[in-house]
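Here is the structure we will look at.
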Amino acid sequence: MSNKLSHSFYKSNNILQSAKNLLGKVLCTKINNQFTSGKIIEVEAYLGSNDRASHSYNNKKTQRTAPMFASGGISYVYLCYGIHHLFNVVVGEKNNPCAILIRGLEPVDGVNIMLKRRNLNNLKNELTNGPGKLTQALGITTQINKKSLLGNKIWIEDYNLHVIKKDILSSSRIGVDYAGDDAKLPYRFYINNNKWVSK
DNA sequence: CCAGGGATGGACT
DNA sequence: GTCCATCCCTGGT
């Protein structure tokens, strides 16, 4: 049986709800035949054309942002600071360019593979407690940009891990000072008291 | 073609 | 906790 999140999950236009729903789900990759996964602990929602913090603000469609304009259910991976690959889940209907950035993961499968990719010797929070760290750990690069999340390279599973509603906290998003008033919006969601939340 | 930017990380105290 | 190097790629020309 498969617990893979299906098409319908990604088509919703209620992006904030979708972002919260991703908490507790398990992000999986199979890169170079190596399976790794982690439970989603922290996310940020980017609400598209009206959100100044979003790459797709003002319907700015370029080669880079094109994946956001596609129908939900694909990856949006881009390079940040020339070094870090950041992974987003594209959600919403076609031409509603929204995405959810994954910022923190609790390692589940393939910890040894992740440690190796991160050049670490033992399990500690810096393995996956940041958007650039977790992509490195899961082997996510722009090579898997614009890929279906229903395929066999990258996907998300629902293991029915219960996240208590009151344990979901929100805050403003990180590193979006350029967004004016929109920088203050409480579109970052994370699980309370969890060591895998970014610093 | 190239100037400028960027949803950060890690080294250090 | 604080500070700052990062460097590839994008997009406008």
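Because the structure is predicted, anything quoted here is derived from the model rather than measured. So that the names make sense, note that chain A is the first sequence line, chain B the second, and so on, each numbered from 1.
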Q: Dump the intermediate steps for salt bridge (Lys or Arg N to Asp or Glu O under 4.0 Å) on E42(A) and R188(A), then the final yes or no.
A: CA-CA 7 Å; E42(A) 178 184 352; R188(A) 170 173 175 250; 2.8 Å; yes

Q. Yes or no on side-chain hydrogen bond (donor to acceptor under 3.5 Å, both in side chains) for R118(A) and Q136(A), after CA distance, side-chain angles and deciding distance?
A. CA-CA 7 Å; R118(A) 294 270 303 129; Q136(A) 188 182 23; 2.6 Å; yes

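Side-chain contact, N13(A) with N96(A): a donor N or O sits under 3.5 Å from an acceptor N or O.
Comparing the C1' positions of dA11(B) and dC8(C) gives an interatomic distance of 22 Å, to the nearest angstrom. Straight-line distance between the P atoms of dC7(C) and dC12(B): roughly 15 Å, to the nearest whole Å. To the nearest whole angstrom, the two P atoms, one in dC3(C) and one in dA7(B), are 23 Å apart.
Here dG6(B) presents its P atom at 12 Å from OH of Y76(A), a figure rounded to the nearest Å. Going from atom CG of L79(A) over to atom C1' of dG9(B) covers 14 Å, rounded to whole Å. Following rounding to the nearest Å, N58(A) (CG) and dG11(C) (C1') show an atom-to-atom distance of 16 Å. Distance OH (Y78(A)) to C1' (dC7(C)): 16 Å, rounded to an integer number of Å. Atom-to-atom, OH of Y57(A) to C1' of dG11(C) comes out at 19 Å; the value is rounded to the nearest Å. When rounded to the nearest whole Å, the span between CD of E44(A) and C1' of dT8(B) equals 12 Å. Atom C1' of nucleotide dC3(C) and atom NZ of K199(A) are separated by 14 Å, given to the nearest angstrom. Per the geometry, CG belonging to D177(A) stands 15 Å off P belonging to dG5(B), to the nearest Å.
For the pair T142(A) and H84(A), both in contact range of DNA chain C, the more 5′-proximal nearest nucleotide belongs to H84(A).
Within the nucleic acid shown, R64(A) comes within 4.0 Å of sugar-phosphate atoms alone, with no base atom in reach, counting heavy atoms only. Residue R118(A) is classed as a sugar-phosphate contact, given heavy-atom separations below 4.0 Å to backbone atoms only. Using a 4.0 Å heavy-atom criterion, one finds that K133(A) contacts the sugar-phosphate atoms exclusively. Counting any heavy atom pair closer than 4.0 Å across all strands shown, L101(A) reaches a base atom. Across all strands shown, Q63(A) has heavy atoms under 4.0 Å from sugar-phosphate atoms exclusively, and none from any base.
Of the listed nucleotides (dG9(B), dT8(B), dG11(C)), dG11(C) has the atom at the smallest distance from the side chain of T62(A). The side chain of Y178(A) lies closest to dA7(B), out of dA7(B), dC9(C), dG9(B). Candidate nucleotides dA7(B), dC7(C), dT8(B) were compared by shortest atom distance to the side chain of I83(A), and dC7(C) ranks first.
Within the 4.0 Å cut-off from OP1 or OP2 of dA7(B), at least one side-chain nitrogen or oxygen of H55(A) is found. At the phosphate of dT6(C), neither OP1 nor OP2 sits under 4.0 Å from any side-chain N or O atom of Y81(A).
Taking 4.0 Å as the cut-off between side-chain N and carboxylate O, K39(A) and D109(A) do not count as a salt-bridged pair. Between E44(A) and R103(A) there is a salt bridge, with a side-chain nitrogen of the basic residue lying less than 4.0 Å from a carboxylate oxygen of the acidic one.
In this structure, Y76(A) and H55(A) have perpendicular ring planes: the angle between them is above 60°, well past the 30° mark.
Nucleotide dT2(C) has dA11(B) as its partner under the Watson-Crick or G-U criteria, with both atom distances under 3.5 Å. Base pairing analysis places dC2(B) opposite dG11(C); the two distances defining the Watson-Crick or G-U wobble pair are each below 3.5 Å.
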